[in-house]
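Heads up: the structure comes next, in structure tokens.
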Amino acid sequence: MYTKTPGGVRRQPFAFALAGLLLPFAAQAQEPNETVEEIVVTGSHIEGMDEDALPLSVLDAEAIRDLGAVNMQDLLAYIPAISDFEFEDTNTGTNGARGDVAGVNLRGIGSGNTLVMINGRRMVVHPTYQAINNVPVTFYNVNSIPSPAVSRIEVLRDGASALYGADASAGAVNFVTRTDDEGFRVSGKYGASSETSYDESEIAAQGGWAFNGGRTNLGVFGTWYSRSSVNMYELDDLYFQLDRRGHEALPEEWRDDSQLRNDSTLTPYARVSTGSLNAEGQWVPTGNLHVNSGTGALTAGAGSERYNFNEDQIVTPETERFNFLASLTHELGGGMEFFGDASFYSSSTFTLRAASPLDDSLAFLIVPSDSFHNPTGEDVLILGWRPVDLGPRVIDVDQDEFRLLGGLRGTWGAWNWESALMHSEAEASDTEGNRQAKSLFTAQLAVNGPDALNPFAVPGGNTQAALDGIRVSATDVRTSRLTMWDMRLNRADLFSLPGGEAGLAAGVEWRREYYKDDRDPRLDGSQPFDNGAIFDESDLIGVSATFDSSADRDTASAYAELFLPFVGDSNAMTLVHALEMQLAVRYENPSDFEDKTVPKISLRWAPFSALSLRASYTEGFRAPNLPQMNQGTIIRRIDGIEDPLRADVTGRPVDTGDTYRVTTRVANPNLEPEDTETTMYGFVISPEDGPLAGLRISWDYFNIKQEGVVGLFEPEDSLALDALLRAQGSFNPDVERASVTAADQAAFDAWNQANPDDQRTPVGVATNIVNQYLNLDPREVSGWDASIRYTTADTSAGLFSFGVEATKLTQFDQMFLDDTAGDLTQDLIGRNGNPEWRATATLGWLFRNFSANLSMRYVGEVYDTSLTDAGSDLSGWYDELTDTTYWLVEDWTVYNLGLAYSFADAQGWAQGLTLNAGVRNLTNEKPPFADESFGYFSGLHNSYGRVTWAQLTYAFGGN
């Protein structure tokens with residue numbers, strides 16, 4: 001069913017999926033393990049604040065267990081406030097974050113706006129950054145945290161910079177690890193998909209011991225995890241085949257759309273151009289030829305071959321990871337205690353992507369007329385070729401991360417204090433094999449003999465020596481570090497107010513952040529390609545140059561938080577059962593941009609004991625990350641960029657955008673923070689007694705306004721600005737142009753003679769467009785969160801409960817400020833993986849030592865901008881502003897079943913045994929189709945299929 005809305009054509013929301021979950025269980029309500037509940041931990045430094053004051057979502061240990069997922073990305077997807085994952089492990093792009101990675105993206109405003117902490121202190125950022133909308137973004141890799149070691153995951157859905165500092169504009173995620181279990185336990189887990197070769201294994205061991213009469217406590221935790229890879233050919237043809245035209249699963253009206261043909265023109269059969277290179281370095285063609293795939297003969301014409309590069313593509317990488325954690329506390333006497341923890345993470349991933357292709361834009365490579373295998377007698381420019389005999393590109397990513405923390409805590413009079421020193425480092429080594437080097441390619445063409453490289457051959461036609469002669473591996477090594485010291489004070493009874501004791505928390509913090517990006521010598525400009533006629537900073541075919549870079553930042557900060565209970569149990573009155581205020585402020589003084597001070601104020605008013613109204617206003621900021629301010633020069637060749645001053649005049653491909661254009665991205669050391677204002681208000685209904693005891697309902701509206709979002713002035717905009725400024729007698733210095741040649745002058749003279757109303761001053765070809773990261777456009781995001789939870793009293797049939805949590809986006813406006821074309825506001829709800837609706841629900845039953853849990857995850861529909869149609873004639877997501885219909889990516893509902901039985905009442909050795917089993921994606925829902933390489937949005941959906949799992953745990957003593 002479709003309905004017309006101002007934003008376009010959309011389906012009805014998740015109510016049908018939710019009804020499908022609840023109706024069969026209408027007589028039951030769950031308890032074990034709601035997937036999400038709200039408690040007070042993250043969101044305040046002060047003990048004693050009422051849980052109804054803070055918008056907090058929590059996954060506890062039982063919920064983690066019942067979901068059966070091991071990777072943090074799969075777990076955090078069950079928090080509706082978390083949007084699509086910009087960073088995830090299916091990525092194979094050369095300049096992206098690859099390997100065992102997942103980054104949290106609260107509210108959909110970017111991973112860099114969500115702070116991630118472990119036990120209340122921030123993590124080190126992942127060493128590999130990735131360009132999102134052409135801007136480098138850093139993130140915290142939550143996959144480095146082992147799920148069995150986590151007692152709960154707390155998600156603060158409110159701006160948190162006033163409490164925790166930079167990068168918490170959207171909120172904060174805190175992972176609380178297990179620390180107080182005594183005894184020793186070991187567990188083994190195995191899961192496998194019914195649809196593909198996907199399987200996973202995990203072994204975990206945990207021990208806790210007390211010494212010195214209980215004064216010393218030591219806890220250790222270790223896990224090993226292994227997951228098999230899944231190849232694209234294991235998925236349905238709709239995903240595997242890249243030419244999806246005519247597929248019966250597609251609506252007939254879209255079925256023959258040419259946009260569905262995504263297979264590559266770069267095939268194992270070369271396309272070439274005969275000709276010569278002139279004095280200006282431009283190719284002058286005399287004809288086009290291609291290798292005929294049927295006969296192997298070199299044939300006139302451009303050819304029409306296509307290649308499905310998914311044939312050699314892995315969609316789910318093979319992964320192995322190891323984690324070790326240890327914690328130690330020791331009572332020193334006098335109310336003082338030492339505490340410390342250490343953790344180590346190591347992972348290795350393996351994946352494949354299609355054999356490396358080349359064309360005249362990715363690599364301008366010329367086969368000399370006298371090359372051993374050149375049959376034409378002329379110089380030949382390779383227009384396109386994929387030497388599949390090299391084999392698919394092999395991607396191996398090794399990651400390590402460690403964290404050491406030690407501190408003291410105790411009391412000083414009525415104050416609690418704590419101080420700690422922490423150091424953490426992460427390193428990622430990314431190696432891609434079976435690549436080609438331009439210098440070696442050229443050298444192999446010059447070999448005089450049968451081992452010369454032969455681009456005119458069909459697959460199998462090159463010798464092993466020829467292939468080995470051009471084959472290289474490239475390794476990039478990235479490093480990040482975080483050193484932090486803090487001192488914290490906390491007093492819950494600073495002074496008395498009529499409603500109770502006022503609390504105060506204050507502290508200071510110093511941290512140093514560091515990153516280093518060490519690219520392979522063939523990529524960082526130190527080993528460029530230069531054959532005398534052609535120069536390129538990158539010697540790798542298909543990869544533009546990125547220079548090495550490194551930087552650090554020191555930040556000193558101080559914060560204070562005050563809790564004021566004006567009305568409480570002792571002075572409650574009619575319609576004012578409680579009235580509380582939270583005030584917080586944080587000052588940060590970084591070494592590379594101006595200092596920031598951000599406040600927060602929140603109020604809770606409870607007219608009755610069962611009803612609380614809450615509201616907050618928070619200012620926050622995202623610090624420009626170190627790569628944005630210090631990144632090495634990046635040279636990119638981009639096609640489709642027209643020069644408005646020359647395109648009509650010369651008609652040359654470089655001017656019309658029909659070939660690649662050189663652009664340079666540079667860091668900006670003068671960037672300022674992205675400023676954020678967050679407003680929230682809502683209510684909580686939570687009766688303490690009576691027939692509704694155990695019910696909790698909450699609803700919160702949020703509004704986030706950001707200014708100065710870091711962006712890039714696009715090359716098209718730079719050329720348009722250059723045209724505007726030249727019409728005014730000036731020019732854009734970011735557009736570098738060659739001198740006007742005689743041919744240019746003649747072309748402009750002819751144009752001006754034929755177009756008296758459009759006279760143009762001659763300009764040379766644009767040889768480079770320099771783009772610097774800038775604080776540009778504002779953004780505004782609004783929506784609401786809602787949750788319902790009910791837990792019954794214990795009955796003879798057990799304990800029942802159910803829970804529902806949902807997030808709805810009502811506004812996601814990205815403003816584009818443009819002095820030349822005018823300001824534009826774009827609604828991004830639904831766009832490329834940003835759903836309007838997300839929801840989860842749980843039903844459960846606890847009876848003695850047995851529990852059952854059924855959970856549901858709903859992801860609303862989105863639209864795909866890579867498949868469009870003008871007007872509103874076709875079904876899909878219609879945008880009235882642009883009069884465009886986009887491909888509608890359908891909503892997705894996944895059900896999971898978790899069962900657990902404890903043998904705690906058994907006798908003998910079986911007493912420590914617990915058995916867990918379950919099914920993820922119970923109904924085997926396929927990911928909804930999107931016109932992407934994998935056939936779906938991998939940051940929003942997955943292709944695991946139905947996964948059945950079982951876990952056996954044995955406890956040798958203690959908890």
Side-chain angles (χ1 to χ4, degrees), residues 1-14 83-86 105 107-110 132-134 238-239 241-263 640 714 716 777 779-783 807-816 821 824-838 858-893 925-941 943:
M1 178 178 180
Y2 294 86
T3 56
K4 278 279 187 178
T5 71
V9 179
R10 305 179 186 176
R11 284 220 262 179
Q12 298 294 334
F14 73 99
S83 191
D84 63 316
F85 287 81
E86 297 175 316
N105 180 16
R107 305 301 190 198
I109 63 174
I132 306 292
N133 296 323
N134 297 323
L238 180 62
Y239 309 105
Q241 297 294 343
L242 287 171
D243 186 358
R244 295 162 175 136
R245 295 173 301 168
H247 197 285
E248 60 184 11
L250 300 173
E252 186 173 354
E253 56 194 331
W254 286 96
R255 197 171 292 172
D256 295 325
D257 197 300
S258 61
Q259 297 170 94
L260 291 165
R261 189 176 190 184
N262 297 313
D263 45 359
E714 296 296 334
E716 297 92 331
D777 307 316
R779 175 192 295 150
E780 185 170 1
V781 180
S782 299
T807 293
K808 184 182 190 299
L809 285 177
T810 58
Q811 177 186 17
F812 202 120
D813 289 345
Q814 178 66 64
M815 281 71 81
F816 299 94
L824 173 68
T825 298
Q826 187 174 28
D827 179 6
L828 300 185
I829 291 179
R831 187 179 180 89
N832 293 332
N834 190 28
E836 179 182 10
W837 281 96
R838 297 173 67 97
Y858 173 85
V859 178
E861 59 195 19
V862 296
Y863 65 92
D864 188 351
T865 59
S866 64
L867 183 55
T868 66
D869 185 73
S872 59
D873 295 335
L874 301 188
S875 63
W877 186 299
Y878 176 64
D879 184 354
E880 294 179 352
L881 180 65
T882 60
D883 190 28
T884 301
T885 298
Y886 297 97
W887 172 259
L888 182 74
V889 180
E890 296 181 345
D891 54 4
W892 196 47
T893 305
E925 294 298 320
K926 307 292 186 183
F929 173 71
D931 190 32
E932 306 295 321
S933 295
F934 292 157
Y936 63 93
F937 282 124
S938 57
L940 198 62
H941 312 110
S943 57

Minimum side-chain heavy-atom gap [X]-[Y] below 4.5 Å:
X    : Y    : value
T885 : D873 : no
S866 : Q259 : no
I109 : F812 : yes
L238 : L250 : yes
L940 : R838 : yes

Nearest heavy atoms of [X] and [Y], plus distance in Å:
X    : Y    : value
P835 : V859 : CG-CG1, 4.2 Å
Q814 : L828 : CB-CD1, 3.7 Å
A930 : V889 : CB-CG2, 3.8 Å
S83  : G833 : OG-O, 4.4 Å
E248 : R255 : O-NH2, 3.4 Å

Determine, stepwise, if the pair R244 / F929 fulfils side-chain contact (heavy atoms from CB on, under 4.5 Å). CA-CA 11 Å; R244 295 162 175 136; F929 173 71; 3.4 Å; yes

Please test D84 against F937 for side-chain contact (heavy atoms from CB on, under 4.5 Å), starting from the C-alpha separation and ending with a verdict. CA-CA 9 Å; D84 63 316; F937 282 124; over 6 Å; no

Is it true that the side chains of S875 and E253 contain a donor and an acceptor less than 3.5 Å apart?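 A donor-acceptor contact under 3.5 Å links the two side chains.
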
Could you tell me if D813 and T825 have a donor-acceptor pair between their side chains, going purely by distance under 3.5 Å?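 Note: T825 and D813 side chains miss the donor-acceptor criterion.
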
Check against side chain to side chain donor-acceptor pair (under 3.5 Å), D883 and Y878: CA-CA 7 Å; D883 190 28; Y878 176 64; 2.7 Å; yes

Can you tell me how far apart CG (L809) and CD (E836) are? Round to the nearest 0.5 Å.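 Atom-to-atom, L809:CG and E836:CD are 7.5 Å apart.
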
Mind checking the CG-CH2 spacing from L874 to W254? Nearest 0.5 Å is all I need.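 These two atoms lie 5.0 Å from each other.
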
Quick one: do R245 and D243 satisfy side-chain contact (heavy atoms from CB on, under 4.5 Å)? Show the steps, please. CA-CA 6 Å; R245 295 173 301 168; D243 186 358; 2.8 Å; yes

Can you tell me which residue among Y936, Y858, W892, Y239 is in a ring pair (Phe, Tyr, Trp, His ring centres under 6.0 Å) with H941?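 For H941, the ring pair (Phe, Tyr, Trp, His ring centres under 6.0 Å) check succeeds only for W892.
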
Counting only N and O atoms by type, is there a donor-acceptor contact under 3.5 Å from the side chain of N105 to the main-chain atoms of G110?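 Yes; at least one donor-acceptor contact below 3.5 Å.
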
Does this structure show an ion pair linking R261 with D263, if we count only N-O contacts that are shorter than 4.0 Å?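 Result for this pair is yes, salt bridge flagged.
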
